[in-house]
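Report on the following structure.
Count residues from 1 along the sequence.
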Amino acid sequence: MLEQILVICLFLILFIYLNKKIRNSFHILQLEHYQLESYNKWIKNHINIVFSLKEILIFIIIISISFINLKIAIVLGILLILVLYITFPKQKEKKPLVITNRIKRMYITNTIIFLLIAILTTIFDFKIGIIATIIYTCLAYIIVELINIINKPIEKSIQNKFYNSAKRKLKENENLKVIGITGSYGKTSTKYIVSTILEQKYNVLMTPESYNTTMGVVRTINEHMKPEHQIFVCEMGARHIGDIKEICDLVAPNYAILTSIGPQHLDTFKTLENVKKTKMELVDAIKEDGIAFVNEEDENIKTISITKKNIKYGLTKENCEYYADNIQITEKGSNFDIHTKDGIISVKTKLLGSNNIINIVAAVSIAKELGLSDEEIKLGIRMLKPVPHRLELIRRRKWEHYH
């Protein structure tokens, strides 16, 4: 009886420690957009985290002693696994784990597998049960791939349900204009700027934060889109060829803004040409009467032949229909003139940096095409606030510079 209680206690503490590892592995998988190819690359690059030498040594000690004295092995195992739990290295998180319904389902699957292994193996022998659950815990980062595969049919079914719901919502809003924004850099800032300016005339919905994947767009539509929305500003991100086309197949963009093309995510794209091809999926997807707005300052964009109707914007008069000059930048913000097809708009903004000025010119170019007046555009620009962590002016006390 005592032995059974001790075994249950060992399983419990092992499961608690396992969930510590599982949480970290789920977080990595989520950051890699649940793509096993990218997740496997992370494993290869962090093999010392995936298979901790300290953990392996402790597990070998527990298993070895179990062949000599099972009770001592269990008691020692509980103590040593507690040490592993307490000393588990805390990973730096650029973006925290989001406990979505998908993550919850993965936690449930992990619990079921662990319980099945613990129960079925313990029926034969306590020692086998301990060894089996220890091996399972040791392989936690690899097991997550199995959990992802097991749950894939369920996730696919759920995603299809939400996707079709979003598709219906878009179809019901026949007069909705969709603006797709993509680029290696600047797409999030441009999205906020475009939305703020267009809100001076239209009822605008934009994808929040960095919701720039297909399911992020689907979620935005299902949870936030209403019949009164007139404009949908949709940020489109990509890590693989076809990612942007997948979003475009859903939203059918009327307009495209191409902010930049650069060597981002070359671990998945492999070459700059693949990046160009993927970003162009948005331009190729716009409707026949649509317009692509392209950043003429970007050298990589200049090398692309664009057959769809397009408007070029930038900081120079040459080749640009919309451009900025007379730029003055102070710690209070930026003042400059924007040359449009109808004349010059003199504007002021709290935003800093030439990149933000280019993004504002992009927003003004599409705003003019959508019929906004100069006063509406000026008001929108005055209302712009820095996007957190994107050239935001941070004032510090003098003493903070020395810490």
Side-chain angles (χ1 to χ4, degrees), residues 14-15 18-44 46 50 95-121 132-133 135-171 207 209-225 234 236-252 265 267-269 278 281 285:
L14 195 60
F15 181 69
L18 168 66
N19 272 284
K20 192 99 167 177
K21 292 183 70 177
I22 284 290
R23 184 203 176 280
N24 195 44
S25 52
F26 283 171
H27 187 205
I28 301 302
L29 186 65
Q30 189 177 78
L31 290 175
E32 298 297 342
H33 304 287
Y34 302 95
Q35 298 288 334
L36 290 185
E37 182 184 350
S38 301
Y39 181 73
N40 281 327
K41 284 182 180 177
W42 182 91
I43 286 178
K44 288 177 183 177
H46 299 84
V50 175
K95 185 179 177 184
L97 172 68
V98 181
I99 306 297
T100 61
N101 288 331
R102 180 171 186 170
I103 292 294
K104 289 176 184 176
R105 287 189 289 270
M106 292 179 76
Y107 269 120
I108 291 169
T109 303
N110 173 61
T111 302
I112 291 170
I113 295 172
F114 182 87
L115 287 174
L116 284 173
I117 290 172
I119 293 167
L120 293 176
T121 54
T133 50
I135 291 172
Y136 183 86
T137 303
C138 191
L139 297 174
Y141 285 91
I142 310 299
I143 294 298
V144 165
E145 298 192 42
L146 175 64
I147 292 169
N148 195 48
I149 292 168
I150 290 171
N151 284 15
K152 195 169 184 179
I154 299 170
E155 300 305 329
K156 191 69 178 173
S157 174
I158 293 169
Q159 286 178 3
N160 285 340
K161 177 185 172 184
F162 287 126
Y163 183 95
N164 291 333
S165 174
K167 195 81 174 173
R168 282 195 300 272
K169 264 196 162 187
L170 288 168
K171 195 172 182 181
T207 49
E209 299 169 358
S210 294
Y211 278 43
N212 57 19
T213 64
T214 300
M215 292 315 296
V217 174
V218 165
R219 183 176 176 182
T220 302
I221 294 166
N222 284 329
E223 294 182 4
H224 302 290
M225 185 166 284
C234 181
M236 301 181 183
R239 293 175 69 90
H240 302 85
I241 292 174
D243 283 354
I244 290 175
K245 183 181 182 302
E246 190 177 83
I247 301 173
C248 291
D249 288 344
L250 169 67
V251 301
H265 303 305
D267 56 327
T268 52
F269 282 122
T278 304
E281 288 171 0

Verify the neighbour count for atom OH of Tyr107: are there more than 12 heavy atoms of other residues, nucleotides or ligands below 6.0 Å? yes
Are there more than 12 heavy atoms of other residues, nucleotides or ligands under 6.0 Å from atom NZ of Lys167? yes
Please step through side-chain contact (heavy atoms from CB on, under 4.5 Å) for the pair Lys44 and Val50, ending with a clear verdict. CA-CA 9 Å; Lys44 288 177 183 177; Val50 175; over 6 Å; no
Is the backbone of [Y] close enough, under 3.5 Å, to the side chain of [X] for a donor and an acceptor to pair up by distance?
X      : Y      : result
Gln30  : Val98  : yes
His224 : Thr220 : no
Lys104 : Ile99  : no
Asn151 : Asn148 : no

Derivation of the side-chain contact (heavy atoms from CB on, under 4.5 Å) call for Asn164 and Arg168: CA-CA 6 Å; Asn164 291 333; Arg168 282 195 300 272; 4.0 Å; yes
Heavy-atom side-chain contact between [X] and [Y] under 4.5 Å:
X      : Y      : result
Glu145 : Ile43  : yes
Ile112 : Leu116 : yes
Gln159 : Thr214 : no
Lys161 : Ile158 : no
Leu36  : Ile149 : yes
Asn110 : Tyr136 : yes
Arg239 : Thr213 : no

[atom1]-[atom2] distance between [X] and [Y], expressed to the nearest 0.5 angstrom:
X      : Y      : atom1 : atom2 : answer
Ser25  : Lys20  : OG    : NZ    : 13.0 Å
Leu250 : Met236 : CG    : CE    : 8.5 Å
Asn212 : His33  : CG    : NE2   : 7.0 Å
Ile241 : Glu281 : CD1   : CD    : 7.5 Å
Ile22  : Leu18  : CD1   : CG    : 5.0 Å
Thr109 : Ile147 : OG1   : CD1   : 6.5 Å

Test side-chain hydrogen bond (donor to acceptor under 3.5 Å, both in side chains) applied to Asn19 - qualifying residues, sequence neighbours left out: none
Mind checking what makes side-chain hydrogen bond (donor to acceptor under 3.5 Å, both in side chains) contact with Glu209, not counting sequence neighbours? none
Evaluate the criterion salt bridge (charged side-chain N to carboxylate O under 4.0 Å, His left out) for residue pair Glu155 and Arg105; output intermediate values, then yes/no. CA-CA 9 Å; Glu155 300 305 329; Arg105 287 189 289 270; 2.9 Å; yes
Tyr34: ring pair (Phe, Tyr, Trp, His ring centres under 6.0 Å) partners, not counting sequence neighbours: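 Partners of Tyr34 by the ring pair (Phe, Tyr, Trp, His ring centres under 6.0 Å) criterion come out as none, since no residue qualifies.
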Is the distance between the ring centroids of Tyr141 and Tyr39 under 6.0 Å?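 Judged by ring-centre distance (under 6.0 Å), Tyr39 and Tyr141 do not meet the cut-off.
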Testing the basics here: between Ile244 and Ala238, what is the closest heavy-atom pair and its distance to 0.1 Å? CG1-CB, 3.8 Å
Just do the side-chain contact (heavy atoms from CB on, under 4.5 Å) check on Arg219 and Tyr211 with the steps written out, would you? CA-CA 9 Å; Arg219 183 176 176 182; Tyr211 278 43; 3.4 Å; yes
After noting the C-alpha distance and the side-chain angles of Asp249 and Lys245, does the key distance pass the salt bridge (charged side-chain N to carboxylate O under 4.0 Å, His left out) rule? CA-CA 6 Å; Asp249 288 344; Lys245 183 181 182 302; 3.1 Å; yes
Angle between ring planes, Phe15 versus Phe114, binned at 30° and 60°: parallel, tilted or perpendicular? tilted
Pair Glu32 + Lys41, salt bridge at N-O below 4.0 Å: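 Looking at Lys41 together with Glu32, the answer is no, because their closest N to O distance does not fall below 4.0 Å.
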